[in-house]
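Bear in mind that the values here come from a model prediction, so they are computed numbers and not experimental data. Only this structure's heavy atoms are used, side chains among them; waters, hydrogens and symmetry mates stay out.
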Amino acid sequence: MTTTTNSSKKMTISGAEAIIHCLLAEGVDLIYGYPGGAIMPVYDELYKFQDKLTHILTRHEQGATHAAQGYARVSGKVGVAIATSGPGATNLVTGLADAQIDSTPMVCITGQVGRHLLGTDAFQETDIIGISTPVTKWNYQITEASEIPEIFAKAFYIARSGRPGPVLIDITKNAQFESLDFHYEKCTKVRSYVPTPVASKESLSEAAALINAAKKPFIIFGQGVILSEGEKELKDFVEKSGIPAAWTVLGLSALETSHPLNVGMVGMHGNYGPNMLTNECDVLITIGMRFDDRVTGNLETYAKQAKVIHFEIDPAEIDKNVKTTVAVLGDAKASLRDILPLINENSHLAWLEQFHNYYEIEYKEVIKNDIYPTKPGLTMGEAIRILNEKSANKAVIVTDVGQHQMIACRYAGFSQTKSNVTSGGLGTMGFALPAAIGAKMGAPDREVVAIIGDGGYQMTIQELGTIFQNKTAVKIMVLNNEHLGMVRQWQELFFESRYASTVMSNPDFVKIAAGYDIEAARVSERDQLAGAIEKMMAHEGPYFLEVCVENEHNVFPMIPTGASVSEIRLK
């Protein structure tokens, strides 16, 4: 049973039109998609409602899902993507999986063959419900028009509530043509579904006692802070407690990178100090993160000396990977707000100094060479440093997956939240270009820069057509090392430099951009780099900049797979 509110007047309309009214009732004004036979009735209604609902025609259904993800990540709204049956539906699966593991609220709508043809292997029929079940928070197949209002209301509620995620609704063609007496009420509760637990007073008191008694406490914050809109509460908590805080890849930008208690990034290519000192802290306070293997390294050696406090909204994450001492089960914003009065004002200057000492070592051994190189050949790190300068740390940066992603997460500066958009858990090459389109449409007043490797760029390069058609003012900076850089790095370090299928023979990217009427340039000399990035940022419309970087530059520090976080390598 579903509890509902916000009733509307009844009217007799087609199922296809009902879908449009459902979207409008949920505050949707922008969707991404690609038409086809089984979803054509809905597209016919979209044509009639162009003044109220904007449809962005992407060049591939996967591009539609990533654009919806980018839109959701910067706007805080539910992203919406739509596709036809068969291959149209299956092309959504990568985006669904990406949104599921990265907790991105999204509703995907697919057309389906008529109810009487289900299970007959009809043209463009596929079991998208069965296929998508493992990679969605919820899915449902509508076979009658009368189901549409309740299922859509439930879908949006599930997608945005608690730990967000993707929902898929599959709609048979007959349901789109059938008539129904339309009446829409928003969903506010689903039986047996408790999306947002409330932290108990006992857990908050136990956590506060551990924090107040700690000598070497350490905070790791993740995307849960951003999803709960708890950035202010996190900052208040960090400043009152005086505890050093580090971010996960998806937590980046929840706390401004220049904050004196922000000590950097944890994980495989994170900063030296946060990784090393994870295994020296006495209390580890984790907020809205899930102890991903790229963060923990070898679980047998991860923070065994520490008492672990886990602030988490999803009960399934508690004790899944790391055994907790105290689990604070609830919304991050609410839990941080409620624990703040229980926390003593404190400072941990000697402990903080240890992070600074490790940073000095890392700066000398790695960072200086990355961002202020003296050898010939451009580096990704110096491109990010100059981008920070030219954007005043205010841009939304959307990254793909690979070396450029880790370099950007390490060196990009952020002064406001919802500024880092990347594929974290799934690691989807091809994510950045369409996600940047969605991010720009979700935050039109902000500068959006897609930073992409030459490999991932070509996986969804067709979305330049979406930029061209919509004049989307995305800045695209391809860091071209003519390799699948991260795979090549692993081959160098662990496979005796056998570069199996990682060398890229690339086309002329500047000419391709010009073919889409996008202003474009290429830079390969250090004395041209700052001017080229400044020109890109000053340009009013979309802009493409290819930065030709060193072919075999590696990303360090690095924790080898299966190693302890304290076995992090600087070279």
Side-chain angles (χ1 to χ4, degrees), residues 102 218-226 238 243-259 261-281 284-299 301-303 306 321-322 352 354-371 380-381 384-385 397 399 401-414 420 422-425 427 451 485-486 489-490 493 554-571:
D102 282 356
F218 180 35
I219 294 168
I220 301 175
F221 59 90
Q223 188 187 207
V225 173
I226 297 171
V238 169
I243 300 174
W247 70 78
T248 66
V249 165
L250 292 180
L252 177 55
S253 84
L255 182 68
E256 57 266 34
T257 49
S258 61
H259 193 284
L261 288 169
N262 191 334
V263 293
M265 183 170 77
V266 293
M268 179 172 282
H269 292 288
N271 292 106
Y272 194 33
N275 279 304
M276 290 291 290
L277 295 174
T278 294
N279 280 357
E280 293 187 28
C281 67
L284 180 61
I285 306 141
T286 60
I287 308 169
M289 55 86 77
R290 57 187 180 86
F291 292 109
D292 174 74
D293 65 299
R294 287 295 175 97
V295 166
T296 65
N298 186 351
L299 284 168
T301 60
Y302 183 78
N321 295 324
V322 173
L352 182 62
Q354 292 188 46
F355 288 89
H356 294 162
N357 291 340
Y358 275 115
Y359 179 82
E360 291 302 319
I361 295 170
E362 183 183 351
Y363 185 86
K364 180 180 178 181
E365 295 292 328
V366 179
I367 297 172
K368 183 178 180 181
N369 296 325
D370 276 350
I371 65 175
M380 296 182 184
I384 301 302
R385 172 182 59 80
I397 293 181
T399 50
V401 172
Q403 287 182 316
H404 72 277
Q405 176 194 34
M406 292 296 98
I407 289 289
C409 288
R410 283 176 53 77
Y411 298 127
F414 295 114
N420 174 55
T422 194
S423 173
I451 299 172
M486 188 60 82
Q489 176 170 334
W490 282 50
L493 298 177
N554 290 332
V555 184
F556 285 104
M558 180 180 183
I559 302 169
T561 300
S564 167
V565 292
S566 54
E567 295 177 304
I568 187 169
R569 296 170 53 172
L570 291 177
K571 58 184 177 179

Q | Over all atoms of both residues, closest heavy-atom pair of Ala246 and Pro274 | A | CB-CB, 4.0 Å

**Q.** Contacts of Thr422 that satisfy side chain to side chain donor-acceptor pair (under 3.5 Å) - sequence neighbours left out
**A.** Thr399, Gln405

(Q) Between Asn554 and Gln403, does the side-chain contact (heavy atoms from CB on, under 4.5 Å) criterion hold? Intermediate values first, please. (A) CA-CA 8 Å; Asn554 290 332; Gln403 287 182 316; 4.1 Å; yes

(Q) Leu352: which residues meet the side chain to side chain contact (heavy atoms under 4.5 Å, CB included) condition with it, sequence neighbours left out? (A) Pro244, Leu261, Val263, His356

Q) How would you list, by chain and number, every residue that makes a ring-ring contact (aromatic ring centres under 6.0 Å, His included) with Phe355, sequence neighbours excluded? A) Phe218, Trp351

(Q) Among residues at least two apart in sequence or on other chains, which ones pass side chain to side chain donor-acceptor pair (under 3.5 Å) with Arg385? (A) Glu389

**Q.** Test side chain to side chain donor-acceptor pair (under 3.5 Å) applied to Asn420 - qualifying residues, sequence neighbours left out
**A.** none

Q) When rounded to the nearest 0.5 angstrom, what distance separates CE in Met406 from CE in Met268? A) 9.5 Å

Ignoring hydrogens and angles, write down the donor-acceptor pairs under 3.5 Å from the side chains of residues 562-571, residues two or more places apart or on other chains.
residue: Ser564; atom: OG; partner: Asn279; partner atom: ND2; Å: 3.2
residue: Ser564; atom: OG; partner: Thr301; partner atom: OG1; Å: 3.3
residue: Ser564; atom: OG; partner: Ser566; partner atom: N; Å: 3.2
residue: Ser564; atom: OG; partner: Ser566; partner atom: OG; Å: 3.0
residue: Ser566; atom: OG; partner: Asn279; partner atom: ND2; Å: 3.4
residue: Glu567; atom: OE1; partner: Ser564; partner atom: N; Å: 2.7
residue: Arg569; atom: NE; partner: Lys571; partner atom: O; Å: 3.4

Q) What pairs of residues pass the salt bridge (charged side-chain N to carboxylate O under 4.0 Å, His left out) test when at least one of them lies in residues 403-413, not counting sequence neighbours? A) Glu362-Arg410

**Q.** Non-neighbouring partners of Asn321 that pass side chain to side chain contact (heavy atoms under 4.5 Å, CB included), sequence neighbours left out
**A.** Phe291, Leu299

Q: With sequence neighbours left out, write down each residue that passes side chain to side chain contact (heavy atoms under 4.5 Å, CB included) with Tyr411, or none if nothing qualifies.
A: Val366, Ile367, Asp370, Ile371, Ile384, Ile407

Q) For the atom pair OH (Tyr358) and CD (Gln354), what is the distance rounded to the nearest 0.5 Å? A) 7.0 Å

(Q) I need the minimum non-hydrogen distance between Gln489 and Val555, along with the two atoms involved. (A) OE1-N, 2.8 Å

Q: First locate atom OG1 of Thr257, then atom CG of Asn262, and finally report the distance between them rounded to the nearest 0.5 Å.
A: 6.5 Å

**Q.** Residues which pass side chain to side chain donor-acceptor pair (under 3.5 Å) with Asn357, listed by chain and number, not counting sequence neighbours
**A.** none

Q: Could you tell me whether the side chain of Trp247 reaches within less than 4.5 Å of the side chain of Leu255, counting heavy atoms only?
A: no

Q. Do you know which two heavy atoms are closest between Gly251 and Ile226, and how far apart they sit?
A. O-CD1, 4.0 Å

Q: Name all residues meeting the ring-ring contact (aromatic ring centres under 6.0 Å, His included) criterion together with Phe414; count only those two or more places apart in sequence or in a different chain, and write none if there are none.
A: none

**Q.** Partners meeting salt bridge (charged side-chain N to carboxylate O under 4.0 Å, His left out) with Glu365 (sequence neighbours left out)
**A.** none

